[in-house]
Amino acid sequence: MSINITMPALSPTMEEGNLAKWLVKEGDTVEPGDVIAEIETDKATMEVEAVDEGVVGKILVPAGSEGVKVNAVIAILAEDGEDASTVESTSEEAPAKQAETPHAPAEPADTPALKVATDSADQAAGHGRPNDIAGVKSDAERVFATPLARRIAAQKGIDLAAITGSGPRGRIVKADVENAQPPAAQDAETQAAPVSSAPLATGAPAAPSGMSDEQVLAHFDEAKYESKPHDGMRRVIAERLTESAQTIPSYFVTMECELDALLALRKQMNDAAPKGKDDKPAYRISVNDFIVKAMALALQVVPMANVSWTSTARVFHKSSDVGVAVAVDDGLFTPIVRDAHIKPLSAISAEVKDMAGRARAKKLKSEEYQGGSTAVSNLGMYGVREFTSIINPPHASIVSIGAGEKKPVIKDGAVAVATLMAATFAFDHRAIDGALGAELAAAFKGYIENPMSMLV
């Protein structure tokens, strides 16, 4: 009897994913544990292993499909002795959603194609329409034109529907519009109307500027840009941080912290690190490891700030779980250091290095970047003096760390030189009031300036 291979749920909140790549083909024999495909979620690319043995009879969802629902049948496995060419799914359930590209004409080799994802089920039911980025309107009134051609047409007041395109499959290109004559009835003001006064393109979503996607693209020369469709990670980052900016009433507190004692202790600890047979030290603690530890301990000193906000209650956390912002290619992860308040600096250092490496390879497990009540974002290594960050729910705070700089300070009535670091805290005012936020910032500063207190 044939066996269904279904879209796995790779995290508790996953509802759909992208089938990035098949590592087997129809007719291949697989055994339990064999890696058969790669699945992309909003945060990671993960391998899918076969759980049964057999022959791959049919691949139902091709590589590159987006928005495949969890538990949808993606392939069928034939059992030993079964004719793989005749297998059928044992379930009527089919992939609920796959990304499709509207049947727009092929682009010339030197023109970047704009891929538009649509929901085939919604279109079949009459719900929604494909984006008009590539000049695609409804099935009843398709006008294929490049963004540059549309811009010129809008400026000249030319109706694209009245033009016969000379591009591939009849697509209207720049030359077609330039050779067309504007209607005689149109006056000069209409002919010179800027693109911003053109009507919104049919089905085109509004961009943050209030313009449609087509109107945004019409401002640029199509030969001088390349459009990169949003991947799952970029969409989630945009959605979550837009939600945060629109819903969280944030305020900011900046503390300048002296780093000299911390830098001296760090050097002492790293110099004392035991070495293995390869003469490599067992650990190398960074300034950021001290910052994570200081934030974790400060939350224990000010437990009312170790909180998350919900619509019905504040959630007070007993442990200090601190997120560490890690930049990856075209995205961001915030893996969580659990119970950071009770872990030694060497353990925090090893854990952050391990998770940061796997974050860049998009191999983190979902539970490793979910949860926590606060986060650390450090741009000091780029020479940034001071900055603010957007709170990432369910966190109620985040600290932004700038570069340490030598500055003149007054000590005991005399001018001295000290290494100062700006730490700027963002707080969710719904959960953490101003005085409470300042109290947490002061506790953090105390640990940074007296680093030995983090070791006892």
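Bear in mind that the values here come from a model prediction, so they are computed numbers and not experimental data.
D278 contributes a side-chain N or O that, together with a main-chain N or O of K280, makes up a donor-acceptor pair within less than 3.5 Å. Checked by atom type and distance alone, the side chain of H341 never pairs as donor or acceptor with a backbone atom of D321 at under 3.5 Å. In this structure, N306 contributes its side chain and F316 its backbone to no donor-acceptor pair below 3.5 Å. Between the side chain of R234 and the backbone N or O of D330 there is at least one donor-acceptor pair closer than 3.5 Å. A donor-acceptor pair under 3.5 Å is absent between the side-chain atoms of K343 and the main chain of K293, judged by distance alone. Not one N or O on the side chain of T242 forms a donor-acceptor pair closer than 3.5 Å with the backbone of E239.
Proximity of E16 to V68: side-chain heavy atoms (C-beta onward) are nowhere separated by under 4.5 Å. With a 4.5 Å cut-off on side-chain heavy atoms, I248 and E243 do not count as touching. Contact of the R360 side chain with the V326 side chain is registered, since non-hydrogen atoms from C-beta on lie closer than 4.5 Å. Here the side chains of E53 and P32 are in contact, with some heavy-atom distance below 4.5 Å. Side-chain contact between V55 and T29: present, with at least one pair of heavy atoms (C-beta onward) separated by less than 4.5 Å. Counting heavy atoms from C-beta outward, I3 and I76 have side chains that stay 4.5 Å or more apart. Side-chain contact between L160 and V177 is present, with at least one heavy-atom pair separated by less than 4.5 Å. No side-chain heavy atom of M381 sits less than 4.5 Å from a side-chain heavy atom of N288.
Within 6.0 Å of the NZ atom in K365, the count of heavy atoms belonging to other residues, nucleotides or ligands does not exceed 12. Residue-environment remark: NZ (K407) exceeds the threshold of 12 foreign heavy atoms within 6.0 Å. Residue D329 places its CG atom among 12 or fewer non-hydrogen atoms of other residues, nucleotides or ligands, all under 6.0 Å distant. Heavy atoms from other residues, nucleotides or ligands lying under 6.0 Å from CZ of R338 number more than 12.
How far CZ of F425 is from NZ of K445: 10.0 Å, rounded to the nearest 0.5 Å. Taken from CG in L19 to CD in E66, the straight-line distance is 11.0 Å, to the nearest 0.5 Å. Note: N18 CG to M7 CE = 7.0 Å, rounded to the nearest 0.5 Å. Rounding to the nearest 0.5 Å places CG of D28 at 9.5 Å from CD of E26. I158 CD1 to I163 CD1: the interatomic distance, rounded to the nearest 0.5 Å, is 5.0 Å. The distance from atom OG of S286 to atom CZ of R266, rounded to the nearest 0.5 Å, is 6.5 Å.
We find that R430 and D428 are joined by a salt bridge, their nearest charged nitrogen and carboxylate oxygen being less than 4.0 Å apart. Comment: R358 engages D354 in a salt bridge, judged by a side-chain N to carboxylate O separation of less than 4.0 angstrom.
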request  = Tell me, with the steps shown, if K362 and F333 meet side-chain contact (heavy atoms from CB on, under 4.5 Å).
outcome  = CA-CA 9 Å; K362 294 188 177 181; F333 278 98; 4.2 Å; yes
request  = For the pair I398 and F427, evaluate side-chain contact (heavy atoms from CB on, under 4.5 Å) and give the outcome as yes or no after the intermediate values.
outcome  = CA-CA 7 Å; I398 185 170; F427 293 111; over 6 Å; no
task = Show your reasoning for whether side-chain contact (heavy atoms from CB on, under 4.5 Å) applies to I74 and W22.
result = CA-CA 10 Å; I74 58 177; W22 280 106; 3.9 Å; yes
task = Would you sort out whether K363 and E47 count as a side-chain contact (heavy atoms from CB on, under 4.5 Å), showing the intermediate values?
result = CA-CA 9 Å; K363 298 296 183 182; E47 296 175 338; 4.2 Å; yes
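Residues I285 and N270 share a closest heavy-atom pair of N-OD1, 2.7 Å. Contact between S389 and S377 at its shortest, heavy atoms only, is OG-CB, 3.8 Å. Nearest heavy-atom pair across F444 and A298 is N-CB, 3.7 Å. Minimum interatomic distance between S349 and R284 (heavy atoms only, all atoms of both residues): OG-O, 3.2 Å. A pairwise comparison of heavy atoms in S320 and L299 identifies OG-CB, 3.6 Å as the closest pair. Contact detail for L420 and E256: the closest heavy-atom pair is CD1-OE1, 3.6 Å.
Side-chain contact annotation: H317 with S308, donor-acceptor N/O pair under 3.5 Å present. In this model, a donor atom of one side chain and an acceptor atom of the other lie less than 3.5 Å apart for S397 and T374. For the residue pair N4 / T6, no side-chain donor-acceptor distance below 3.5 Å is found, with atom types taken as modelled.
In this pair, Y251 and H429 present their aromatic rings tilted. The plane angle is within the 30 to 60° band.
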